[in-house]
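Take a look at the structure below.
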Amino acid sequence: MARADSGRMERLSSIMRRRGIVAPAFETYGGVAGLVDYGPLGASIRRRVIDSWIEYWSSFGDILEIESPTLTPEEVLVASGHVGEFNDLMTTCNSCESVFRADHLLEGSVGDIDGLSAVEISSSLAKDGITCPGCGGVDWSECVPMNLMFKTSVGAMSRGRTAYLRPETAQGMFMQYPMLYRHFRQKLPFGGIQTGKGYRNEISPRQGMIRLREFTMAELEYFFDPEEPPVGDDGDWSTVVQMIPSSTGQMARMSVSVALSKGLILHPTVAWFMARTLELVRSLGVDPSRLRFRQHGQDEMAHYASDCWDCELHGEHGWIECIGIANRTCHDLEQHATHTGKGDFRAWRAFVEPKKVRVDKWFPVQSAIGPAFKSLASEISEAIGELDKMPESLPFKIRLKDGTETTIEEGMAERRTEDRVVTGEWYTPHVVEPAFGIDRIIWHILDHAYEEIEKDGNRYSVLRLPQSTAPFDAVVLPLFDKDGMGDMAKTIADILSKARGLKIQYDNSKSIGRRYARADEAGIPWAITVDHQSLKDGSVTLRRRDDGKQVRCNKDDLQSVLLSQGSNIDF
RNA sequence: GCGAGCGUAGUGUAGUGGUUAUCACCCCACGUUGCCAACGUGGGAACCCGGGUUCAAAUCCCGGCGCUCGCACCA
């Protein structure tokens, strides 16, 4: 990825450390790759991004927040496929030292790779003479499982039950599907949202906040009836953004609405959530011209997905996947249904018109079949119930699985004819999942907001964050900390800080210009200055970060001005 | 996990065997100025960790940890 200005990333990272936004964690102990600290400003930004995210989805009424543990018992992740998928066996070519996934090497030469142990795969590599794609050698090291989940044990000592730190929040929501289903009065569609930490033991985390071992995810599972895929008209359907459909692999510019009508987006509900996602991330401060949707090809699809669009954001690290919008179909719920053997993971679909069904079947008479056929009895009973052609009368012959025919004598079966009313049926709901990588999004919000302008021949840094994701709403400044200006400013800051939803900073050190500059660099959208006139008439100046313009306003109006994000005042 | 480079105040850096560890921004105090990174004086703050070589190590060697880049990996 071409970088117009390679120094920009260094300066941006430098500001983020200096101003207490993000920094490597545990640095005094040498640091741990893939773990970061959010400092005072960063934690505030993160809090607001998460809150905005929760508020956005909660505003629709059919989506509610839930919360589930990060510790997840092994069985859940076996069912979801993560235990299998995340335990990749790695092998090294002893001649050229390249590392490969062993199962990928064996593809095509071994039938059922998933069922093989590490030892079996190691011997297969040697036995089948698999050559190294790099150097052509046939000298493989022992296969080593590469576990991308953090394993632990719940319970005392060796009696503990194996568990993992969750690799995604989604499974917790699938676990709560029955509770959500009841809450929503058994009517689909509905959704569950959750934010929280996820954990992946990456082999080599790089790129600062981009690949973390512990990271904040925000996921939405939207459950619906696949026969009636829901679409709403809210969201941003019209803004033209970059799209890379997998069919062409070529970048094109179009709106979500056009991409759906052209059939590039395969599923209308996926399109709907792409439109909503676009609206949401724009409000967080993402520049839509540096956003693109890229459709996954069949080969890179996750094990659970049937159609998936990544929302990638462009920043100093190039194009980075920040959000995945996947149609997970019925995969997860079905997996949990089969692994638990429970009927909790389904929904009832009522027919518009109840169907009248005439049942005309032969029913086995168990008391006669049992003694007559002994161990074959159950198979025969089943065969009687599933007869294609209805014999008119006894005796008749039925064909068993092994091809032999057996005669059903008088008294072994009876014919019943009845009319039944069927009002609906059970089905497994499908799920569309928008999954947001919050840390990656925060990085890009900062990147998109960061601007270097020239002022009096010097570089001047401004973080143009929207107020909703700025670390503070306003900074209150005494023009000079004397003659009572400092006290008045402090009082104003204290009062505003009490208002719900407002975060206010107070700064009285150094010249006024320097304090404006500090606030600009920290992304604070408003600066309130108490000057000599304030002492006389209670008015203050309100300075807008993005253009430096100032207006006078009464100190008592500040709260409503800030809460309206400046929309009720003229500049 | 492999290879290469790198690791000095909060940030960016100078320093290639002996320095009181350089400079700037920064932060604090006082004074001054009186609305967009002013100025003066004073102060604060660093050699990634461990071992070795040496009379002496930020500097040389070894190991660890971390960072950057390339290869590989990436639900």
Provide the distance between the two C1' atoms, one in B/A29 and one in B/C65, to the nearest whole Å.
39 Å
I'd like the C1' distance from B/G44 over to B/G10, given in whole Å.
12 Å
Rounding to the closest angstrom, what is the interatomic distance between B/U59 and B/A21 at atom C1'?
12 Å
Among A/Leu496, A/Val561, A/Ile504, A/Thr541, whose side-chain contact (heavy atoms from CB on, under 4.5 Å) with A/Ile528 holds?
A/Leu496
With RNA chain B as reference, determine whether A/Glu202 or A/Gly34 sits nearer its 5' end, using the nearest nucleotide of each.
A/Gly34
Hey, what's the ring geometry for A/Trp272 with A/Tyr222, parallel, tilted or perpendicular (30° and 60° as the breaks)?
perpendicular
What stem regions, each of at least 3 consecutive Watson-Crick or G-U pairs below 3.5 Å, can be found for RNA chain B?
B:1-7 with B:65-71, B:10-12 with B:23-25, B:26-31 with B:39-44, B:48-52 with B:60-64
Does a side-chain heavy-atom distance below 4.5 Å link A/Met173 with A/Glu433?
no
Can a donor-acceptor pair under 3.5 Å be found between the side-chain atoms of A/Arg543 and the base atoms of B/C36?
yes
Looking for any heavy atom pair under 4.0 Å, which part of the strands does A/Gly548 touch: base, sugar-phosphate only, or nothing?
base
Using a heavy-atom cut-off of under 4.0 Å over every strand shown, decide if A/Gly208 touches base, sugar-phosphate, or nothing.
sugar-phosphate
All N/O donor-acceptor pairs, side-chain side in residues 31-44 of chain A, below 3.5 Å, sequence neighbours left out:
{"residue": "A/Tyr38", "atom": "OH", "partner": "A/Asp439", "partner atom": "OD1", "Å": "2.7"}
{"residue": "A/Ser44", "atom": "OG", "partner": "A/Pro471", "partner atom": "O", "Å": "2.6"}
{"residue": "A/Ser44", "atom": "OG", "partner": "A/Lys503", "partner atom": "NZ", "Å": "3.0"}

Nucleotide nearest A/Leu479 (side chain, heavy atoms from C-beta), chosen from B/A37, B/C35, B/G66
B/C35
May I ask you to say what A/Ser13 touches in the nucleic acid, namely base, sugar-phosphate or nothing, with a heavy-atom cut-off under 4.0 Å?
nothing
Taking B/C28, B/C73, B/A37 as options, the one with an atom nearest any side-chain atom of A/Ser509 is B/C28
Give the C-alpha distance, both sets of side-chain angles, the deciding distance and a yes or no for side-chain hydrogen bond (donor to acceptor under 3.5 Å, both in side chains) between A/Arg46 and A/Thr216.
CA-CA 9 Å; A/Arg46 177 175 172 277; A/Thr216 304; 3.0 Å; yes
Applying a 4.0 Å non-hydrogen cut-off, can you work out what A/Asp531 is touching in the nucleic acid: base, sugar-phosphate, or nothing?
base
Quote, to the nearest angstrom, the P distance that separates B/C47 from B/U11.
13 Å
Testing B/C35, B/A37, B/G12 for proximity to the side chain of A/Ile512, the answer is B/C35
Of the candidate nucleotides B/C27, B/A37, B/C36, which contains the atom at the shortest distance from the side chain of A/Lys510?
B/C27
Classify the side chain of A/Tyr29 and the base of B/C49 as holding, or not holding, a donor-acceptor pair under 3.5 Å.
no
If the C1' atom of B/U16 is compared with that of B/C60, how far apart are they to the nearest Å?
9 Å
Which part of the nucleic acid, if any, lies within contact of A/Gln550, taking any heavy atom under 4.0 Å across all strands shown: a base, the sugar-phosphate backbone alone, or nothing?
base
Using the C1' atom in both, what is the distance from B/C71 to B/A56, to the nearest Å?
43 Å
Give one of base, sugar-phosphate or nothing for A/Arg515, where a contact means two heavy atoms less than 4.0 Å apart.
nothing
Find which nucleotide of RNA chain B each of A/Thr28 and A/Tyr516 is nearest to by heavy atoms, and output the residue with the more 5' nucleotide.
A/Tyr516
Mind checking if A/Arg19 touches a base, just sugar-phosphate, or nothing, with heavy atoms under 4.0 Å?
nothing
Taking A/Asp520 as the fixed residue, which of A/Arg514, A/Arg515, A/Arg19, A/Arg543 is the one that meets the salt bridge (Lys or Arg N to Asp or Glu O under 4.0 Å) rule?
A/Arg543
Nearest to the A/Lys455 side chain among B/C36, B/C67, B/C73, which nucleotide is it?
B/C36
What's A/Thr529 touching, base or sugar-phosphate or nothing? Going by heavy atoms closer than 4.0 Å.
base
Nearest to side-chain heavy atoms of A/Arg518, which nucleotide of B/C36, B/G12, B/C27
B/C27
Using the C1' atom in both, what is the distance from B/G51 to B/A9, to the nearest Å?
26 Å
From the set B/C28, B/A37, B/U11, return the single nucleotide nearest to any side-chain atom of A/Arg17.
B/U11
So A/Arg18, base contact, sugar-phosphate only, or nothing? Heavy-atom distance under 4.0 Å.
base
At under 4.0 Å between heavy atoms, what does A/Thr541 touch on the DNA or RNA strands: base, sugar-phosphate, or nothing?
base
Provide the distance between the two C1' atoms, one in B/U19 and one in B/U8, to the nearest whole Å.
14 Å
